[in-house]
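The structure appears right after this line, and notes come after that.
When a residue number appears, it is its place in the shown sequence, counting from 1. Note that this is a predicted model, so its numbers are computed, not measured. Numbering of ligands and ligand atoms starts at 1, following listing order.
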Amino acid sequence: MKVGVIGGGAWGTALAQVAAQGGETLLWAREPDVVASIAEARENRLFLAGVPLSEAIRPTGALTDLEDCDVLLVVTPAQHMRSVLASLPTFRGALLLCSKGIEEASGQLLHTIARETCPEAAVMVLSGPTFAHEVAAGLPTALTLAAEIEAEAEAVRSRLARPAFRIYLTDDVAGAEVGGAVKNVLAIACGVVEGRGLGQNARAALIARGFAEMTRFGLARGARAETLAGLSGLGDLVLTCSSTSSRNFSLGKGLGQGRPASELMADRRTVAEGAFTAPVLRRLAEAEGIEMPIVAAVDDLLAGQADVDSVLGRLLSRPLRPERA
Ligand SMILES: NC(=O)C1=CN([C@@H]2O[C@H](COP(=O)(O)OP(=O)(O)OC[C@H]3O[C@@H](n4cnc5c(N)ncnc54)[C@H](O)[C@@H]3O)[C@@H](O)[C@H]2O)C=CC1
Ligand SMILES: O=C(CO)COP(=O)(O)O
């Protein structure tokens, strides 16, 4: 199977490194500097510095080079996925979406966009608790591959899985996507807790109540509870809510320390997807009457419409309810 990766950021590069263990892997990067750095120095100095890359990764700046791949891993930021996929309208292979987010303009999950832009492709979602630098270093990692047709997913898994890169299958495509998108917003909230020094109890409470928000939203999107409680949901939530290795957590930590979102977002080269997901997720939840108070609090902080103490006061003064609600 010929494999290509679309997106030469940290995660696309780490995934190319995994795929390259099974044979030549094409890696499309938008930045000519990334293509040159990988071709000449076997390193992605912009997005994954310090990791020696496999000789089997072939970098390219031409998306058309990937047209005849059997498997394409799509790893652009969520907001740019539609425009990048629009260049491959006739792609007929397996299209694995590895980005985490919801398109702001349309409110669509990424797999619905991929099905629209590449109608002949077999659209799948690959998601889980996966810091790029750990995967690139070959540390043990487990993740979920979601696809409607199991046999197609099995074929892809047999090409990509490694002992330290364990892939579990599900047919719950929406469930695998919702977890990854929502956890980024909740990771920002946990970063705020850290930055403001609110303690470990508060962080654990936020993870648990955040998971309740993820579950409410996911079930409304047709996700299954077991998927949300698995690697791509709870697993990833726990990872990114616990470490400054998460860009979303770090962004939240800065907010918790009182720095304005505009300053924290300016000049970012790396992507903190939660900042783009928060407003659209809140909009969707409010339109459908789904309670997501933590998501709303993060959105207010990012928009500069409230400070940490006022959103905290708001969350702590919510009526006391049964835990299941
Ligand atoms: N870094 C990680 O550990 C993980 C990241 N992801 C997801 O992968 C996706 C990509 O993230 P990273 O690889 O970390 O990116 P990154 O933060 O390392 O790099 C930014 C990426 O955005 C791309 N980009 C910027 N403007 C663009 C545009 N106009 N059109 C197309 N691409 C553009 C850059 O080319 C670069 O590939 C995100 O959705 C992220 O949530 C998922 C799992 C792990
Ligand atoms: O999604 C990730 C790990 O699974 C990476 O998290 P950040 O985008 O917050 O760094």
Pick from Trp11, Phe47, Phe131: the one approaching atom 13 (O) of ligand 1 most closely through a non-hydrogen atom: Trp11

Part of Ser246 within contact of ligand 2 (heavy atoms, under 4.0 Å): both

Residue Arg314 excluded, over 12 heavy atoms near CZ under 6.0 Å: yes

For Asp236, atoms of ligand 2 separated by under 4.0 Å from a heavy atom: 3 (C), 4 (O)

Side-chain hydrophobic cluster, 4.5 Å single linkage: members besides Phe131: Leu239

Any N/O pair Val271/ligand 1 closer than 3.5 Å: yes

Location of contacts on Lys183 toward ligand 2, heavy atoms closer than 4.0 Å: side chain

Side chain to side chain contact (heavy atoms under 4.5 Å, CB included) partners for Gln79, two or more places apart: Glu103, Glu104, Phe276

Identity of the nearest option to atom 6 (O) of ligand 2, non-hydrogen atoms only, from Thr244, Thr240, Val271: Thr240

For atom 23 (C) of ligand 1, the protein heavy atom that lies nearest, with its residue and separation: Pro77 CD, 3.5 Å

Heteroatom distance test (Lys100, ligand 1): nitrogen or oxygen, under 3.5 angstrom: yes

Close-contact set for ligand 1 against Thr270 heavy atoms, below 4.0 Å: 17 (O)

Side chain, backbone, both or neither: Thr130 near ligand 2, heavy atoms under 4.0 Å: both

Protein contact of atom 7 (C) of ligand 1 - nearest heavy atom, named by residue and atom, plus distance: Cys98 O, 3.8 Å

Residue pair Arg318, Glu291: steps toward the salt bridge (Lys or Arg N to Asp or Glu O under 4.0 Å) verdict: CA-CA 12 Å; Arg318 281 172 55 79; Glu291 268 198 282; 2.9 Å; yes

Contacting atoms of ligand 2, where contact means under 4.0 angstrom from a heavy atom of Asn248: 7 (P), 8 (O), 9 (O)

For Lys100, the ligand 2 atoms whose distance to one of its heavy atoms is below 4.0 Å: 1 (O), 2 (C), 3 (C), 4 (O)

Heavy-atom side-chain proximity of Ile57 to Leu27 below 4.5 angstrom: yes

